[in-house]
Amino acid sequence: MSTERKFFVGGNWKMNGNKASIDVIVNNLNTADLSPETEVVVSPPACYLDYTSSRVDKKKIGVAAQNCYKAEKGAFTGDISPAMIKDNGCEWVILGHSERRHVFGESDQLIGEKVAFALSQGLSIIPCVGEKLEEREAGLTEEVVFRQTKAIADNVKDWSKVVIAYEPVWAIGTGKVATPAQAQEIHQRLRTWLSEKVNPAVAQNVRILYGGSVNAANCKELGTQPDIDGFLVGGASLKPEFVDIINARR
Ligand SMILES: O=C[C@H](O)COP(=O)(O)O
């Protein structure tokens, strides 16, 4: 049952904000009445990891990088390592977000390698999967989601450090949220896939987040679905309504 899995809400700020706007968001979160039943993580741009992690109330809020590379250090211009993320006081990294896949061309294989390396370096990870509109319309949703998940799962040994995000690409930043039934259907099938291809205990315990146009108005109904264990929120995580999303199950 979903009640055994702690509700998890991540705020992916993407390439938005500056120190002044981060001050506003962080002050709001630090002083808000956040449900202790929800694990909260915010994800600022890489250049603000230290700024954010040194300001959030660490008792209530974790911090995630939005990406990292699969090497400890070296000639990888523009990238950051898991060690750098940890050195900035952060415990999490989002990997394989659809914008990494489809804007920057990251492959399943690269994302799998990043998954393995980030976990080996002690980070917890939020790997993302999700189909594009044309894939859904062609009836390929499950094939795409399972293929992406396999590339991730093949590289995970310790599932306690993994929170999966299902984000249909057609729902990201579009205002076109998946219906609770649409999201639940894929979450349930993904959990069944995990049960069959990994093992039933992992399927039972791993949290599967929904992402794509989640806001204060739609989060409660989505959050009641048995296989939706929280959200990965983009646009609304920059606004005060992020608190309502954190408290969706209250
Ligand atoms: O990581 C977050 C997702 O891409 C969702 O973004 P959105 O809430 O702006 O649609």
Side-chain angles (χ1 to χ4, degrees), residues 7-17 21-22 25 28-29 38-46 48-49 52 61-68 85 90 92-106 111 114-115 118 123-133 135-136 141 144-145 148-149 152 162-180 182-184 186-187 190 207-223 225 228-248:
F7 202 63
F8 184 109
V9 175
N12 177 8
W13 297 349
K14 308 194 179 186
M15 198 176 74
N16 292 295
S21 68
I22 291 171
I25 294 170
N28 184 42
L29 291 176
T38 304
E39 185 169 358
V40 181
V41 168
V42 294
S43 189
Y48 297 123
L49 285 171
T52 304
I61 302 159
V63 181
Q66 296 175 12
N67 184 30
C68 69
I85 293 169
C90 309
W92 289 88
V93 63
I94 298 170
L95 291 172
H97 188 277
S98 78
E99 287 139 26
R100 298 306 315 175
R101 293 176 185 271
H102 303 304
V103 180
F104 298 98
E106 292 194 7
I111 293 160
K114 290 182 175 195
V115 162
L123 287 175
S124 295
I125 64 169
I126 307 169
C128 305
V129 298
E131 81 286 2
K132 295 190 280 189
L133 180 61
E135 292 166 336
R136 173 164 281 257
T141 298
V144 169
V145 169
Q148 293 172 339
T149 307
I152 293 160
V162 181
V163 174
I164 297 172
Y166 167 62
E167 303 201 311
V169 179
W170 48 270
I172 295 176
T174 58
K176 194 178 168 190
V177 67
T179 65
Q182 279 176 322
Q184 167 59 23
I186 302 304
H187 282 229
L190 185 49
R207 289 170 291 183
I208 305 177
L209 314 181
Y210 167 77
S213 297
V214 174
N215 60 32
N218 60 32
C219 64
K220 277 196 183 292
E221 201 185 344
L222 285 163
Q225 301 301 308
I228 297 181
D229 306 311
F231 306 114
L232 188 57
V233 185
S237 71
L238 299 164
K239 302 176 186 168
E241 71 183 274
F242 189 53
V243 171
D244 300 316
I245 301 170
I246 291 168
N247 293 334

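Counting starts at 1 for both ligands and their atoms, following the listed order.
- Not counting sequence neighbours, the partners of E39 by the salt bridge (charged side-chain N to carboxylate O under 4.0 Å, His left out) test are R207.
- Every protein residue with a heavy atom nearer than 4.0 Å to ligand 1 is included here: N12, K14, H97, E167, A171, I172, G173, G212, S213, L232, V233, G234, G235.
- In terms of modelled atom types and a separation under 3.5 Å, the side chain of E106 and the main chain of G96 share no donor-acceptor contact.
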Side-chain donor-acceptor pairs of residues 236-243 under 3.5 Å, sequence neighbours excluded:
from, atom 1, to, atom 2, distance (Å)
S237, OG, V233, O, 3.3
S237, OG, G234, O, 2.6
E241, OE1, A216, N, 2.8

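- A165 pairs by the side chain to side chain contact (heavy atoms under 4.5 Å, CB included) definition with I126, C128, E167, L209, L232, not counting sequence neighbours.
- Although no hydrogens or angles enter the test, the distance criterion places a donor-acceptor pair under 3.5 Å between the side chain of S213 and the main chain of A171.
- Of the possible donor and acceptor atoms, none in the side chain of T38 sits under 3.5 Å from a partner among the backbone N and O of F7.
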